[in-house]
Amino acid sequence: EGAGMRRYIRELKPTSLAEIAAMIALYRPGPMEHIETYIKGKHGQVEIQYPHPSLKGILEETFGVIVYQDQVLNIARHFAGYTLGEADIVRKAMGKKIPEIMEAEREQFYIRAQTQGYSEAEAASIFDLIEPFAGYAFNKAHAVSYALIAYWTAYFKANFPTEYMTSVLNIRSGNMDKIPGVIVECTRLGISVLPPDINLSQGRFVIEPTSQTSPAIRFGLGAIKNVGDAAIDPIISNRETHGRFTSIEDLCNRVELRSLNRRTLESLIKSGATDALNQNRSTLLAGLDPIISLANRQSKLRGSGQTTMFNLFDETIGGLVPSLDLHPSPPPSPQETMAWEKELLGVPLSYNPLQDIAASVDRKTTVISTQEIHPETVSIPIMLVGLLSSLRISVTKQGKPFAIGGLTLTDGIIEIVAWPNVYERDKQWIQEGQILEVVGRSRRRNDQISIICDEIKPYALFSQESDSVHDSKVHLSEPQPKSGKPSNGQTSRTETLRLTIEETEDSQNDQQRLKNILRTLLEHPGDDVVLLDIYAGNQLVTMISPITTNICPSLSNDLQAFLRPESIHLTSEQIH
């Protein structure tokens with residue numbers, strides 16, 4: 001995945017599994033200095049040189065470069081007559097670099113090489129050649145195993161990119177440090193990653209068919225921080241059996257939420273997984289206490305085998321559930337949304353912050369595209385703004401930490417390096433998913449340009465005066481008025497029938513009474529609205545009946561067969 005390895009693979013243009021294995025073995029400290037020789041040898045750009053003509057059979061497959069431990073052993077066996085076991089003892093001794101042992105082994109190698117017909121000078125040359133390789137040469141079987149996996153995954157990524165990236169996301173699920181880089185790669189490949197949705201997400205990342213040319217990947221509920229399988233399994237199971245959830249009340253009534261503690265529910269809301277329930281995140285967060293109270297009450301009732309008038313409505317007219325009196329709150333600010341999603345998902349998904357960067361920066365002084373960084377700009381001070389999508393902390397030879405990161409710009413990623421002095425000063429800002437303003441100088445190395453940072457700080461994407469995020473802000477959907485009712489904030493004053501229905505201890509009788517009331521309303525068809533005051537225990541919920549009727553004396557008389565006269569009221573109500 002590293003930029004250096006990708007560059008060398010492009011230069012090598014491997015045509016066999018053996019060449020991929022050799023590159024894996026060479027791309028490590030020590031043998032890296034021989035990569036260019038290996039590549040040029042493969043393409044015939046240089047004449048292949050062998051340490052000794054007799055070693056051609058051992059080193060021909062790697063174009064004269066010693067790559068593997070196996071080659072070190074075979075050279076010792078061929079040149080000095082060692083058995084493989086003896087050669088491995090010499091290799092280990094070389095790796096330990098103990099002077100007394102090395103001197104003894106060197107002398108023994110000279111003697112045995114001369115018995116094979118080689119001169120002492122030739123023996124010294126070969127010993128000096130294999131000595132450094134013995135310490136860092138790679139095991140060939142190991143390299144080939146890695147190469148085979150690399151080939152498989154490259155094939156899958158090239159031919160089944162959506163399936164492959166879905167698998168990568170699932171492997172990295174739960175590791176917030178890795179998710180942002182994978183999602184950036186999905187974006188580069190043209191694959192959309194959709195936010196979590198309580199009505200559409202599974203526990204894991206899954207491919208979701210869309211109207212787009214290529215499918216998208218839906219964020220898994222189980223990949224949300226603080227959300228585990230025990231919390232989401234009942235949700236997914238109920239949804240697959242009874243259909244999508246229509247509201248937070250519907251969720252509380254249908255699903256066993258005892259395993260869904262306050263922290264988990266808060267994470268689902270903040271991550272956007274409950275946006276489909278037609279309440280904005282701030283409103284649901286402010287109403288956590290009544291939501292949890294309703295969920296616990298319904299859970300206890302289910303556990304005791306009891307039911308309520310609310311359940312009877314659900315069974316009788318299909319989905320009518322008690323309405324929580326949640327106090328409406330303004331939607332969260334873009335800053336809050338970004339912070340929540342970055343914490344819980346690893347990266348903001350509600351909108352693409354790079355679009356807002358492009359709209360907000362001064363393009364005359366700030367770089368936001370890789371196309372603006374070219375060889376002519378090397379060593380010239382520049383300022384960049386982008387999203388830190390990957391991060392690796394390493395240490396210098398002196399043991400001081402420094403950072404290497406991938407800064408995602410509008411059209412690609414550029415490597416940034418913060419050496420110890422900059423990293424120590426600015427490390428509080430150097431975090432994956434952070435939008436950064438970087439001041440530094442470009443550096444060209446092996447045809448690759450990176451930025452050596454002089455200063456790193458967070459970029460203020462949002463102004464202090466406004467919480468808007470230009471046109472890319474995601475607007476949460478609001479409940480739509482029913483057909484036939486006034487919309488756009490208008491109200492209508494009409495005669496309304498208001499019925500009071502009380503729960504009793506006989507749930508079977510309650511259900512039959514409810515059916516009779518609804519049947520009576522249907523027997524008097526009309527457009528008049530019916531309001532239902534439902535008393536279940538100590539709870540009163542008022543709701544609009546989905547059944548309209550024709551208010552008339554005959555209807556009132558018929559209803560009195562099931563309701564007391566004082567439970568039937570004719571009122572003048574404002575219906576929104």
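Positions are given from 1 along the sequence. Quick caveat: nothing in here was measured; it's all calculated off a predicted structure. Both backbone and side-chain heavy atoms feed into the values below; hydrogens, waters and symmetry mates do not.
Under 4.0 Å is where a charged nitrogen must lie from a carboxylate oxygen, and between Arg392 and Glu415 no such pair does. Residues Arg112 and Glu105 are not paired through a salt bridge, judged by the lack of any N-O separation under 4.0 Å between the basic side chain and the carboxylate. For the pair Asp275 and Arg281, the salt-bridge criterion is met [side-chain N within less than 4.0 Å of a carboxylate O]. Ionic pairing of Glu36 and Lys40 is not present here: no N-O contact between side-chain nitrogen and carboxylate oxygen is shorter than 4.0 angstrom. Taking a cutoff of 4.0 Å between a charged side-chain nitrogen and a carboxylate oxygen, Glu455 and Arg425 do not qualify as a salt bridge. Between Lys225 and Glu341 there is no salt bridge, since no side-chain nitrogen of the basic residue lies less than 4.0 Å from a carboxylate oxygen of the acidic one.
Counting heavy atoms of neighbouring residues, nucleotides and ligands inside a 6.0 Å radius, atom CD of Gln428 exceeds 12 of them. Remark: Leu84 CG is packed, more than 12 non-hydrogen atoms of other residues, nucleotides or ligands lying under 6.0 Å away. Annotation for Arg106: atom CZ counts as buried by contact number, over 12 foreign heavy atoms lying within 6.0 Å. In Tyr50, the OH atom is crowded: over 12 heavy atoms of neighbouring residues, nucleotides or ligands sit closer than 6.0 Å. The number of heavy-atom neighbours closer than 6.0 Å to CZ of Arg263, taken from other residues, nucleotides and ligands shown, is 12 or below. A 6.0 Å sphere centred on CD of Gln116 holds more than 12 heavy atoms belonging to other residues, nucleotides or ligands.
Here the closest heavy-atom approach between residue Leu344 and residue Lys270 is recorded as CD1-CB, 3.5 Å. For the residue pair Arg218 and Ser201, the shortest heavy atom distance occurs at CG-OG, 3.4 Å. Between Val65 and Gln71, the shortest heavy-atom distance links the atoms O-OE1, 3.9 Å. Contact record, Leu391 with Glu432: N-OE2, 3.2 Å, taken as the closest heavy-atom pair. Listed here is the closest heavy atom pair of Gly203 and Ile232: CA-CD1, 3.6 Å. Closest approach of Ile416 to Leu407, counting heavy atoms only: CG2-CB, 4.0 Å.
In this structure, CD on Gln49 lies 12.0 Å from NZ on Lys56, to the nearest 0.5 angstrom. Distance check, rounded to the nearest 0.5 Å: CD1 of Ile191 to CD of Glu163 gives 8.5 Å. A distance of 13.0 Å separates CD in Gln69 from NZ in Lys140, rounded to the nearest 0.5 Å. For the atom pair Ile456 CD1 and Leu384 CG, the distance stands at 10.5 Å (nearest 0.5 Å). Distance check: Met23 CE to Met5 CE gives 6.5 Å after rounding to the nearest 0.5 Å. Interatomic distance, CD1 of Ile198 versus CD1 of Ile236, reported as 9.5 Å (0.5 Å rounding).
Within the 3.5 Å criterion, the main-chain N or O of Phe205 finds a donor-acceptor partner in the side chain of Asn170. Side-chain atoms of Glu122 come within 3.5 Å of backbone N or O of Ser119 as a donor-acceptor pair. Listed for the Thr153 side chain is a donor-acceptor partner under 3.5 Å among the backbone atoms of Ala150. Side-chain atoms of Thr396 come within 3.5 Å of backbone atoms of Lys400 as a donor-acceptor pair (strictly under, hydrogens ignored). When atom types are taken as modelled, the side chain of Glu343 and the backbone of Ala339 share no donor-acceptor pair closer than 3.5 angstrom. Between the side chain of Ser390 and the backbone N or O of Gly406 there is at least one donor-acceptor pair closer than 3.5 Å. No donor-acceptor pair under 3.5 Å is formed between the side chain of Gln434 and the backbone N or O of Gln431. For the pair His43 (side chain) and Leu12 (backbone), a donor-acceptor distance under 3.5 Å is present. Asn74 places a side-chain N or O within donor-acceptor distance of the main-chain N or O of Asp70, the cut-off being under 3.5 Å. Thr166 contributes no side-chain N or O that, together with a main-chain N or O of Val206, makes up a donor-acceptor pair within less than 3.5 Å.
Taking the six-membered ring for Trp and the full ring otherwise, Tyr68 and Phe138 have centroids separated by 6.0 Å or more.
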What do the steps show when you test Ile183 against Leu349 for side chain to side chain contact (heavy atoms under 4.5 Å, CB included), and what is the final call? CA-CA 10 Å; Ile183 291 179; Leu349 289 178; 4.3 Å; yes
Can you check side chain to side chain contact (heavy atoms under 4.5 Å, CB included) on Arg239 and Asn199, steps first, answer last? CA-CA 7 Å; Arg239 186 188 72 202; Asn199 279 329; 4.2 Å; yes
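The ring pair (Phe, Tyr, Trp, His ring centres under 6.0 Å) test applied to Trp419 returns Phe402, not counting sequence neighbours.
Between Ser271 and Pro196, some side-chain heavy-atom pair lies under the 4.5 Å cut-off. Within the 4.5 Å cutoff, the side chain of Asp454 has no heavy atoms near those of the Val422 side chain.
In this pair, Tyr118 and His78 present their aromatic rings tilted. The plane angle is within the 30 to 60° band. A parallel orientation is assigned to the rings of Phe109 and Tyr82, their planes being inclined by less than 30° (bins at 30° and 60°).
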